[in-house]
Amino acid sequence: MANVILPSGKTVEMDGGALLSVLQERGETAAAVVVNGQLQDLRDPLPSAGEARAIGLDDPAALEVLRHTASHVLAHAVTRLYPGAKLAIGPAIEDGFYYDIRFPEPVNRDDLPKIEAEMERIIKDDLPIERVWLPRAEAEALLAEKDQAYKLELVQEIPDDKISFYRQGEFTDLCRGPHLPSTGLVKHVKLLDLAGAYWRGDAARDMLTRVYGTAFPAAEALAEHVKWREEARKRDHRTLGPELDLFSIQNEMIGAGLVLWHPKGAAIRHQIETFWKDEHYKAGYRLVVSPHIGRARLWETSGHLDFYKDGMYAPMDIEGQEFYLKPMNCPFHIAIYKTHTRSYRDLPIRYAELGTVYRFERSGVLHGLLRVRGFTQDDAHIICRPDQIEDEVLACLDLTLHILGAFGFRDYKVALSVRDPEHTEHYIGSDEMWEQAERSLVRALDRKGLPHTRMPGEAVFYGPKIDLHVLDSLKRSWQLTTVQFDFNEPERFGMAYIGDDGQAHRPYMVHRALLGSLERFFGILIEHYGGAFPAWLAPVQMVVLPVTEAEIPYAEGVADELRRAGIRAEAWTKERKTLRWLIREAQVQKVPYMLVCGAREAAGGVVAVRLRTGEDLGPQLVASAIARVQEAVAARGVAL
RNA sequence: GCCCGUGUAGCUCAGUCGGUAGAGCACUUCCUUGGUAAGGAAGAGGCCGUCGGUUCGAUUCCGACCGCGGGCUCCA
């Protein structure tokens, strides 16, 4: 007898058979059932012994099944509305699902409600969803008859003799499942977006239309998700950036993917850079500066012209010599290292640079500050002995968590990319080096208590790496930090240090960037804070607002005093506007502190302090207002 | 690069079933001296993305190009 736990928590004993009828008898609903850790359909027979657990619709494990079924409902609706539509793939994804379809006619966003309405009909009809196994020949014949070339291609890659299909009403789709037992269980579904996508992600193949949607077990969760999307839209750095006068990108005049940092954006960048440099000096790094271009020889030696040419701009001719714009800083740092014979006593050497690099990105992938063609990496290269690598990686992680923590990033996900064990010949460096490097990465992560996901085959050819992703205030994940071993360049440049044995040895080199690039990081920060930068970063920390023209001299005096105290302050005296107008403007500009100066304040030598949050602190001495900002700046928190 | 969408004043957008355009904000001037999220009035501002086609006439219709936005495996 098999012991089955139902969603209600009750258990039943079953001797084979399918769970669906049992659930129906007891008035319970479920999405699927877990048997031996595997999800399967409620209509599938259970084993005659062992344990099974029915997954309720609101169980997190059911979400993927729900969305996958929703994608089938979408495909079903599309085949009704657009006879001749060719279906490709339709998986559940992180917060929804999509289906790639070749439509017989162009569709656009305005068509989504119509498709959604048809989906609602299919859901309302509560069609049973049943699995059908077909022998290969029949499966291929069926798909050929339905003229579903993409599905046919997929079937031809399936090694099995029996092919799994799912049927709901008149619609049948190739699918491995599992699925909900009927369409009626897909209750809260919404189509969100439309985009192009290549068949199998291959630019040489057909362009399909990808329809994005999402589904939730409860209306509230769906509404919340829609609200979340709206919130993310409002925080878009491409809107906030120009609105707050932080940066601009001018394709026609300057060039695509090239960023102009306006004074306010540059002020924020300056704060980030100063903080970054201070912390790097404290952590034992030495800051270096390298040029923007270098001779072809350099890039030949580094191997960039072999492996990275597609990402580099065409060479320029200077007095008959070829020069390239730098896509990376490492060759320069190595060249600095090589100016002396280095002793084992000199190591580790840590060179850091806010180095501006230029990389070719296809026009279509450029995206605000997040994907640009010219950017400043917060780069560093650590050159050390084998016995030092674990401590160096650990110190790197310490510095990373310290610096990212200052921006309020406290949730991390770490990916460890290592070799594909099947094809170690594709990688440079000895087995010993790979194993030692991986060990040092794993131990350092363990010592920091950072769980990681090991990803075989994800490493680049020259060394293993860890990538650190942070979650922002909207719980979106961004890859920022990368710590990457390089077994290639030390070899190519013949880097060496003299060991205690008097012999030359090859050092280990680690590339690392904590923030990634300042441009991208800035874009992420804008969205993370929704444009309301904490006091330590705010381009204008305090504005002094005179109530009438009579208080202008007083307001200017206050602003001077604030600036002398090191505060970024402005007196808004040029506009003869009402206080209401000035307050609104300061709110829109998201200035943390507003200091109102009327006749009362001027007479008393105080300012009335209003916070961006709307909180009114009442009259304060200028000195105590100063103390308050300085405290907030020192704390680097979001509290004002 | 490719698919879909889109391009009208500095910004956000309306409009013209083909007769060369309008609002709000911003800007300039004037009035208002105002106490915690927009005081009032007037003015200025446009090759209606570019090039070509149809037409007596194109910002509007058609085509091409350019720019911008969403997206381009999270594999049945």
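Quick note on labels: first sequence line is chain A, next is B, and so on, each numbered from 1. The structure presented is a predicted model; accordingly, all values stated were derived computationally and were not measured.
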When the P atoms of B:U59 and B:C17 are considered, how many whole Å apart are they?
15 Å
Check every strand shown and say whether A:A599 touches a base, only sugar-phosphate, or nothing at a heavy-atom separation below 4.0 Å.
base
B:G53 versus B:U60 - spacing of their C1' atoms, nearest Å
15 Å
Output yes when A:R476 and A:E527 qualify as a salt bridge under the 4.0 Å nitrogen-oxygen rule, no when they do not.
yes
Between A:R238 and A:D236, does any NZ, NE, NH1 or NH2 come within less than 4.0 Å of an OD or OE carboxylate oxygen?
yes
Roughly how far apart, to the nearest Å, are B:A21 and B:G5 at atom C1'?
25 Å
Fit a plane to each ring of A:H72 and A:H68, take the angle between them on a 0 to 90° scale, and name the class: parallel (under 30°), tilted (30 to 60°) or perpendicular (over 60°).
perpendicular
Are A:R520 and A:L369 side-chain neighbours, meaning at least one heavy-atom pair lies under 4.5 Å?
no
Using the C1' atom on both, measure B:U55 against B:G63 and round to a whole Å.
16 Å
Distance between P atoms of B:U8 and B:A14 (Å, rounded)
10 Å
Gap between atoms CG and C1', on A:L112 and B:G5 respectively (whole Å):
12 Å
Can you tell me how far C1' in B:G70 sits from the matching atom in B:G57, rounded to whole Å?
38 Å
For RNA chain B, please output the secondary structure as dot-bracket, reading 5' to 3'. Pairs are Watson-Crick or G-U wobble, both atom distances under 3.5 Å; mark crossing pairs with [ ], other-strand partners with |, unpaired with a dot.
(((((((..((((.....[..)))).(((((.......))))).....(((((..]....))))))))))))....
Mind listing the N/O atom pairs, protein and nucleotides 37-43 of chain B, below 3.5 Å?
residue: B:A37; atom: O4'; partner: A:R584; partner atom: N; Å: 3.4
residue: B:A37; atom: N6; partner: A:Q587; partner atom: NE2; Å: 3.1
residue: B:A38; atom: OP1; partner: A:R580; partner atom: NH2; Å: 2.2
residue: B:A38; atom: N7; partner: A:R584; partner atom: NE; Å: 3.3
residue: B:A38; atom: N7; partner: A:R584; partner atom: NH1; Å: 3.4
residue: B:A38; atom: N6; partner: A:R584; partner atom: NH2; Å: 2.6
residue: B:A38; atom: N1; partner: A:R584; partner atom: NH2; Å: 3.3
residue: B:G39; atom: OP1; partner: A:T578; partner atom: OG1; Å: 3.3
residue: B:G39; atom: OP2; partner: A:T578; partner atom: OG1; Å: 3.1

Does A:L87 offer a backbone N or O that forms a donor-acceptor pair with the side chain of A:Q148 under 3.5 Å?
yes
Look at A:D206 together with A:K86 and state whether they make a salt bridge at an N to O cut-off of under 4.0 Å.
no
Look only at the side chain of A:S624 and the backbone of A:Q620, and say whether a donor-acceptor pair between them is shorter than 3.5 Å.
no
Nucleotide B:G35, atom C1' - distance to CG of A:L595 in whole Å:
15 Å
Excluding sequence neighbours, so at least two apart, what forms side chain to side chain donor-acceptor pair (under 3.5 Å) with A:E153?
A:W199, A:R205
Nearest whole Å is fine: how far is B:A26 C1' from A:Q589 CD?
12 Å
Roughly how far apart, to the nearest Å, are B:C11 and B:G46 at atom P?
14 Å
Roughly how many Å is it from CH2 in A:W572 to P in B:U36, rounded to a whole number?
17 Å
Tell me, for nucleotides 70-76 of chain B in 5' to 3' order, what letter each nucleotide earns: B for a base near a protein heavy atom under 4.0 Å, S for only sugar-phosphate near one, - for neither?
BBBBBBB
Rounded distance (Å) that lies between atom P of B:G35 and atom CG of A:L582
12 Å
Gap in Å between the two C1' atoms, one belonging to B:G67 and one to B:C48, rounded:
16 Å
Residues that A:R600 engages under side chain to side chain donor-acceptor pair (under 3.5 Å), provided they are two or more places apart
none
Partners of A:D193 by salt bridge (Lys or Arg N to Asp or Glu O under 4.0 Å), sequence neighbours excluded?
A:R109, A:R229
Looking at A:E551 and B:G34, is any side-chain donor or acceptor paired with a base atom of the opposite kind under 3.5 Å?
no
When we call it a touch if two heavy atoms are under 4.0 Å apart, what does A:A608 touch: a base, just sugar-phosphate, or nothing?
base
Is the cationic atom of A:R176 (NZ for Lys, CZ for Arg) positioned less than 6.0 Å from the six-membered ring centroid of A:F165 and within 45 degrees of its normal?
no
Specify whether A:Y166 and A:H179 have parallel, tilted or perpendicular ring planes, treating 30° as the upper limit for parallel and 60° as the lower limit for perpendicular.
perpendicular
